[in-house]
**Student:** 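Below is the structure I would like to discuss, written out as structure tokens.
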Amino acid sequence: MRYQRPKGTADILPDEAKKWTYVEETARMLFNDYRYQEIRTPMFENFDVFSRTSGDTSDIVTKEMYDFKDKGDRHMSLRPEGTAGVVRAFVENKLYGPEHPRPIKVFYMGSMFRYERPQSGRQREFHQIGVEAFGSNEPELDVEVMAMGMDLLSHFGLSGLKLTINSLGDQASRAAYRQALIDYLDPHFDELSEDSKVRLHKNPLRVLDSKDKHDQEIVKGAPSILDYLNEDSKKHFDQVKHLLDALKIPYVIDPDMVRGLDYYTHTIFEIMVDSKALGEGYTTICAGGRYNGLVEQLGGPEMPGIGFGLGMERLMVLMEAQKVKFPVLDQLDAYVVGIGEQTSLETLQIVQSLRSDGFAADRDYLDRKPKAQFKTANKLNAQFTITIGESELKAKTANVKSMASGKEVTVPISEILQDFDTVLTKYFNDKEID
RNA sequence: GCGGUAGUGGUGAAGUGGUUAACACAUCGGUUUGUGGAUCCGACACGCGUGGGUUCGAUUCCCACCUACCGCCCCA
């Protein structure tokens with residue numbers, strides 16, 4: 001094995017790719033129902049696009065960014081997430097202009113990159129499906145995005161989903177809470193884990209997220225961000241809850257839920273699922289939130305936004321674990337068996353003719369014996385075989401056989417070339433094909 | 001970046017410091033000069049992740065590296 005794929009990447013082979021296609025198609029249809037349109041942005045951007053928006057000191061920027069200098073000495077980065085690039089495109093192309101009806105709603109799907117140690121469901125190149133909606137600060141939009149996320153996962157046949165929400169409030173609320181949290185944690189400083197000691201000054205909210213048992217004890221007594229929301233923030237969050245209730249979408253509030261990125265404000269949410277396939281207890285499959293300062297941060301006008309992202313790899317693991325049935329979309333209608341070299345031309349003609357009539361058809365290309373060809377047809381789950389040998393060639397006929405019933409009839413080749421559909425209804429009374 | 005486990009054919013796997021590296025599945029061929037899902041027979045690793053080293057001799061021992069998996073960090 002001379003060459004290996006780069007660390008943390010994966011080849012998605014045909015059997016797997018079929019499933020991906022199904023998931024992507026399903027998502028596209030659903031997004032269309034919600035009137036979200038596709039947007040495609042570059043897989044790499046100027047390093048600053050991500051470093052600015054994520055917070056310069058965050059681990060994401062300092063060690064997880066897949067960055068490089070190009071030949072023009074430009075500092076570039078492969079995108080670690082979808083939102084920043086979409087916002088950059090939104091600003092650069094002035095989608096905030098008056099000719100675009102608001103909110104502007106887009107979705108994307110594609111590769112993301114982060115430089116870190118791979119584990120199952122966590123690769124260096126991974127794939128996300130995400131949505132973003134700009135231009136409205138109304139809680140109705142928050143709820144639409146959350147509802148769409150739940151709807152999407154339900155469409156994939158997943159069960160046991162749990163919507164978890166929290167509010168980080170606006171800038172002012174968040175700043176006030178940040179201070180309150182530091183005031184609370186500081187007296188316990190020496191008791192905190194080493195990691196949390198560092199977090200306390202860099203990003204105190206993340207202490208709430210600590211996995212350390214003792215940290216969690218301390219955090220239990222910490223003030224809740226929900227008590228620090230100012231009037232507007234509180235109103236916004238209350239309305240979100242009210243609307244979720246009205247739509248009968250169950251949710252739980254987790255005041256300890258935080259975000260690694262700096263740009264989130266107000267509503268944040270995660271859709272979680274309790275599956276051993278992704279680890280112990282509830283793990284997150286889809287995460288999102290509101291980011292009201294981000295557009296401005298990237299040079300645009302003051303314009304609120306909200307979105308979510310979901311990881312394809314994790315989704316596939318989950319669907320596999322929950323034994324979701326993927327529809328079979330690649331049925332082989334007919335396999336043309338040729339016996340003897342003389343028949344090769346005719347089999348090729350028949351195969352092409354069937355294809356131009358919209359049938360999925362294939363034949364043998366290895367000059368194999370009839371038995372082997374039938375075996376292949378059987379393995380490929382072909383609905384019909386069409387056999388031509390020397391004698392059929394002379395008589396200008398072919399034997400059409402239903403693999404399921406074993407019924408075989410002799411048909412003039414001209415009829416098959418004319419219209420295979422008619423042949424099937426005439427001889428097999430089968431209207432289901434194709 | 002840190003810690004742990006592992007790496008044998010297309011797949012799952014057994015195995016040993018020394019002539020031909022089990023077994024099973026899959027594949028291909030034959031049994032049936034032209035018809036599938038069964039049986040039986042046969043074929044199928046110039047080689048045991050890569051590169052060094054120890055040794056008369058290494059897939060088996062040692063070292064480094066690569067990769068995967070698990071945990072930590074982090075997780076947009």
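Side chains included, hydrogens not; waters and symmetry mates left out as well; all remaining heavy atoms used. The sequence lines fix the lettering, A, B, ..., with proteins before strands; numbering per chain opens at 1. Bear in mind the structure is a predicted one, so any value in this text is a computation, not a measurement.
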**Student:** Tell me if a side-chain donor or acceptor on A:Y184 pairs with a main-chain N or O of A:I218 at a distance below 3.5 Å.
**Tutor:**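 At least one qualifying donor-acceptor pair exists.
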
**Student:** Kindly say whether the aromatic ring centers of A:F90 and A:F134 come within a distance under 6.0 Å.
**Tutor:** yes

**Student:** State plainly whether the residues A:E415 and A:K426 are in salt-bridge range, i.e. N to O under 4.0 Å.
**Tutor:**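 The answer is yes: the pair qualifies as a salt bridge.
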
**Student:** Measure the distance from CZ on A:F269 to C1' on B:A76 and round it to the nearest whole Å.
**Tutor:**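 Whole-Å distance recorded here is 13 Å.
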
**Student:** Between B:G47 and B:G30, how far apart are the two C1' atoms, rounded to whole Å?
**Tutor:** 28 Å

**Student:** Taking only the P atom of each, what is the distance from B:C28 to B:C69 in whole angstrom?
**Tutor:** 31 Å

**Student:** Check each residue of residues 7-19 of chain A for a non-hydrogen atom within less than 4.0 Å of any atom in RNA chain B, then write out the ones that pass by number, or none.
**Tutor:** A:K7, A:G8

**Student:** Expressed in angstrom and rounded to an integer, what is the separation of A:E125 atom CD from B:A76 atom P?
**Tutor:** 19 Å

**Student:** Taking the C1' atom in each of B:G10 and B:G18, what is the distance between them to the nearest angstrom?
**Tutor:**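 Their C1' atoms lie roughly 31 Å apart.
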
**Student:** For the residue pair A:T9 / A:E125, report whether a side-chain donor-acceptor contact shorter than 3.5 Å exists.
**Tutor:**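 There is no such pair between these side chains.
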
**Student:** Base, sugar-phosphate or nothing for A:R199? Non-hydrogen atoms, less than 4.0 Å.
**Tutor:**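 Since only primed, P, OP1 and OP2 atoms lie under 4.0 Å of A:R199, the category is sugar-phosphate.
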
**Student:** Going by an N to O cut-off under 4.0 Å, is there a salt bridge joining A:E38 and A:R40?
**Tutor:**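 So A:E38 pairs with A:R40 through a salt bridge.
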
**Student:** Can you tell me how far C1' of B:A76 sits from CZ of A:R290, to the nearest Å?
**Tutor:** 18 Å

**Student:** If we take the C1' atom in both B:C48 and B:U16, what is their distance in whole Å?
**Tutor:**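 Comparing C1' positions in B:C48 and B:U16 gives a spacing of 12 Å.
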
**Student:** Report the distance from atom CG of A:D215 to atom C1' of B:C73, rounded to the nearest whole Å.
**Tutor:**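 My rounded result for the distance is 14 Å.
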
**Student:** Establish, yes or no, whether the cationic atom of A:K407 lies under 6.0 Å from the six-membered ring centre of A:F428 and within 45° of the ring axis.
**Tutor:** yes

**Student:** Rounded to whole Å, how long is the line connecting atom OH of A:Y115 with atom C1' of B:A76?
**Tutor:** 19 Å

**Student:** Can you list every side-chain hydrogen bond (donor to acceptor under 3.5 Å, both in side chains) pair that touches residues 137-150 of chain A, not counting sequence neighbours?
**Tutor:**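 For residues 137-150 of chain A: A:Y36-A:E144, A:K105-A:E144, A:N137-A:R290, A:N137-A:N292, A:D142-A:H236, A:D142-A:T267, A:D142-A:R290.
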
**Student:** Below 3.5 Å between N/O atoms, which protein atoms pair up with nucleotides 41-45 of chain B? Just atom names and distances, please.
**Tutor:**
none

**Student:** Sort by first number and list every stem of RNA chain B: at least 3 consecutive Watson-Crick or G-U wobble pairs, both distances under 3.5 Å.
**Tutor:**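 The stems are B:1-7 with B:66-72, B:10-12 with B:23-25, B:27-30 with B:40-43, B:49-53 with B:61-65.
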
**Student:** For B:U8 and B:U35, measure between their C1' atoms and round to the nearest Å.
**Tutor:**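 Result for the C1' pair: 40 Å, nearest Å.
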
**Student:** Can you see whether A:E132 engages A:T83 through a side-chain donor-acceptor pair at a distance of less than 3.5 angstrom?
**Tutor:** yes

**Student:** In whole angstrom, give me the gap between the P atoms of B:C44 and B:C2.
**Tutor:** 46 Å

**Student:** Using the ring centroid of each side chain, check whether A:Y335 and A:F384 are separated by less than 6.0 Å.
**Tutor:**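 That pair fails the under 6.0 Å test.
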
**Student:** Just checking, is any N or O donor in the side chain of A:N46 or A:H75 under 3.5 Å from an acceptor N or O on the other one?
**Tutor:** no

**Student:** Taking it one step at a time, do A:R114 and A:E81 satisfy salt bridge (Lys or Arg N to Asp or Glu O under 4.0 Å)?
**Tutor:** CA-CA 9 Å; A:R114 61 182 160 206; A:E81 52 109 11; over 6 Å; no

**Student:** Tabulate atom names and distances for all N/O pairs under 3.5 angstrom spanning the protein and nucleotides 4-6 of chain B.
**Tutor:**
none

**Student:** Please verify the inter-ring angle class for A:F308 with A:F269; under 30° counts as parallel, over 60° as perpendicular, anything in between as tilted.
**Tutor:** perpendicular

**Student:** When rounded to the nearest Å, what value does the distance between C1' atoms of B:A21 and B:A14 take?
**Tutor:**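 Result for the C1' pair: 10 Å, nearest Å.
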
**Student:** Rounded to whole angstroms, how far apart are CD on A:E116 and P on B:G71?
**Tutor:**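 Result: 13 Å.
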
**Student:** Does a donor on one side chain and an acceptor on the other come within less than 3.5 Å for A:D170 and A:S173?
**Tutor:** yes

**Student:** May I ask you to decide if the ring planes of A:F107 and A:F31 are parallel, tilted or perpendicular, using 30° and 60° as cut-offs?
**Tutor:**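 Tilted.
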
**Student:** Do nucleotides 27-36 of chain B as a string where each nucleotide becomes B, S or -: B if the base has a protein heavy atom under 4.0 Å, S if just the sugar-phosphate does, - if no protein is that close.
**Tutor:** SSSSB--BBB

**Student:** Can a donor-acceptor pair be found between the side chains of A:D215 and A:S196 at a distance below 3.5 Å?
**Tutor:** yes

**Student:** Between B:G7 and B:A26, how far apart are the P atoms? Round to whole Å, please.
**Tutor:** 26 Å

**Student:** Write down the distance between CG (A:L205) and P (B:C74), rounded to a whole number of angstrom.
**Tutor:**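 It is 14 Å, rounded to the nearest whole Å.
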
**Student:** Tell me whether A:R124 forms a cation-pi arrangement with A:F126, defined as NZ or CZ under 6.0 Å from the six-membered ring centre and within 45 degrees of its axis.
**Tutor:** no

**Student:** Taking CD from A:E64 and C1' from B:A76, how many angstroms apart are they, rounded to a whole number?
**Tutor:**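 Result: 9 Å.
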
**Student:** Among A:R88, A:R79, A:R52, find the one that has a salt bridge (charged side-chain N to carboxylate O under 4.0 Å, His left out) with A:E45.
**Tutor:** A:R88

**Student:** Counting only side-chain N and O atoms of A:Q119, is one of them less than 4.0 Å from OP1 or OP2 of B:G71?
**Tutor:**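 For B:G71, OP1/OP2 do have a side-chain N/O of A:Q119 under 4.0 Å.
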
